[in-house]
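Atom set for the values below is all heavy atoms of this structure, side chains included, hydrogens, waters and symmetry mates excluded. Residue numbers start from 1 in every chain, and the chains themselves are labelled A, B, ... in the order their sequence lines are given, proteins ahead of strands.
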Number of protein chains: 2
Amino acid sequence: MNISQAAQRTGLPAKTIRYYEDIGLVTPSRDTNGYRVFADQELHKLTFLARSRALGFSIEDCRALLALYEDQSRASSDVKRIAAQHLKEIEAKIADLRAMRDTLSELVRACSGDDRPDCPILKGIEHAGGPARRS
Amino acid sequence: MNISQAAQRTGLPAKTIRYYEDIGLVTPSRDTNGYRVFADQELHKLTFLARSRALGFSIEDCRALLALYEDQSRASSDVKRIAAQHLKEIEAKIADLRAMRDTLSELVRACSGDDRPDCPILKGIEHAGGPARRS
DNA sequence: AATAAGGCTTCCAGTCACTGGAAGGTCAAG
DNA sequence: CTTGACCTTCCAGTGACTGGAAGCCTTATT
């Protein structure tokens, strides 16, 4: 199977698949003409990668998960640790975004959005509490 | 006022302030020794930038908002359009993250996290629905 | 046999918003 | 007069791709 088929099957752009090979996540064999050939195992890996990426795992997390996926003697605790940590980060991001949304939606609500220069949004940004600190 | 004072006042790292000058968001004057000098107006701008960045606006949005902020004859509708669009994107991100969280927390919950290799998280990634499509 | 279209290859550059670090000038205190 | 804390510029790296150029390979049509 060529790269464009693999791309279609996995939902990953061909460019991304080449990139994954570059950074050592997959190692497709090569045809005599130099074309990449994707067999079942590599296709499985790509699918696994596509799905873990869709769950928001970083590439390095994906690399670790893939290694555990392929290691029949893994401990599920190793997997769980990675996933639980990632879950924590997602929760934190959601909380950050919700705070932004709450502030922003209030400002947008208060703004008349007409031709006049008076704007509660700009005032809100100008007069917001002290410098926000990112975790 | 030197850059480190400006950094302290605005909560922005000095590196970031230099970067903001680089890309033309602020234009501090210079002392005879070449040091940047931040007067009130530039400090106001930096504060405005820090706060709009904290609300998640992109640098280019910040640039536009800053221009409107300084334009006494602006129309509040211009501001509102930018903010409403950004709000929409934040809502979308929240929805994406919540979907990830829901899936992930279920997988984490189901995983015993012990020494055995059996792992519902890996199985969940392996057997998840078709390739996720990002908007 | 020539050609055109499409797929494949590699490699380089750009994205976004910084961040780290090196090399070196400036300043205030002891 | 030296030490240490500032400040300067410039270059490179981050994460995870993405776009594009230049060129080889394959297939179909003329």
Sub-4.5 Å side-chain heavy-atom contact between Y20(B) and R53(B): yes
R63(A) and I23(A), any side-chain heavy atoms less than 4.5 Å apart: yes
Short side-chain N/O contact from N33(B) to OP1 or OP2 of dC27(C), under 4.0 Å: yes
Protein-to-nucleotide contact annotation, 5' to 3' order, nucleotides 13-24 of chain C [B base; S sugar-phosphate only; - none; under 4.0 Å, heavy atom]: ----BBSBB---
Test side chain to side chain contact (heavy atoms under 4.5 Å, CB included) applied to L104(B) and F57(A), step by step: CA-CA 10 Å; L104(B) 255 181; F57(A) 286 102; 3.8 Å; yes
Protein-nucleotide distance (M1(A), atom CE; dG7(C), atom P), rounded to Å: 16 Å
Working for side chain to side chain contact (heavy atoms under 4.5 Å, CB included), residues F48(B) and L122(A): CA-CA 9 Å; F48(B) 185 92; L122(A) 294 178; 3.8 Å; yes
Whole-Å gap separating P (dG23(D)) and OH (Y35(A)): 16 Å
D115(A) atom CG: more than 12 heavy-atom contacts under 6.0 Å: no
DNA chain D contacts among residues 22-32 of chain B, heavy-atom distance under 4.0 Å: R30(B)
Test salt bridge (Lys or Arg N to Asp or Glu O under 4.0 Å) applied to E21(A) and R36(A), K45(A), K15(A), the passing residue: R36(A)
Touch class at under 4.0 angstrom, heavy-atom based, for R36(A) against every strand present: sugar-phosphate
Length of the CG-C1' vector between N2(B) and dG25(C), whole Å: 14 Å
I82(B) vs Q85(B) side-chain heavy atoms within contact, under 4.5 Å: no
Distance in angstrom units between I3(A) CD1 and dC25(D) P, rounded: 17 Å
Derivation and outcome, salt bridge (charged side-chain N to carboxylate O under 4.0 Å, His left out), residues D96(A) and K93(A): CA-CA 5 Å; D96(A) 279 5; K93(A) 263 188 207 164; over 6 Å; no
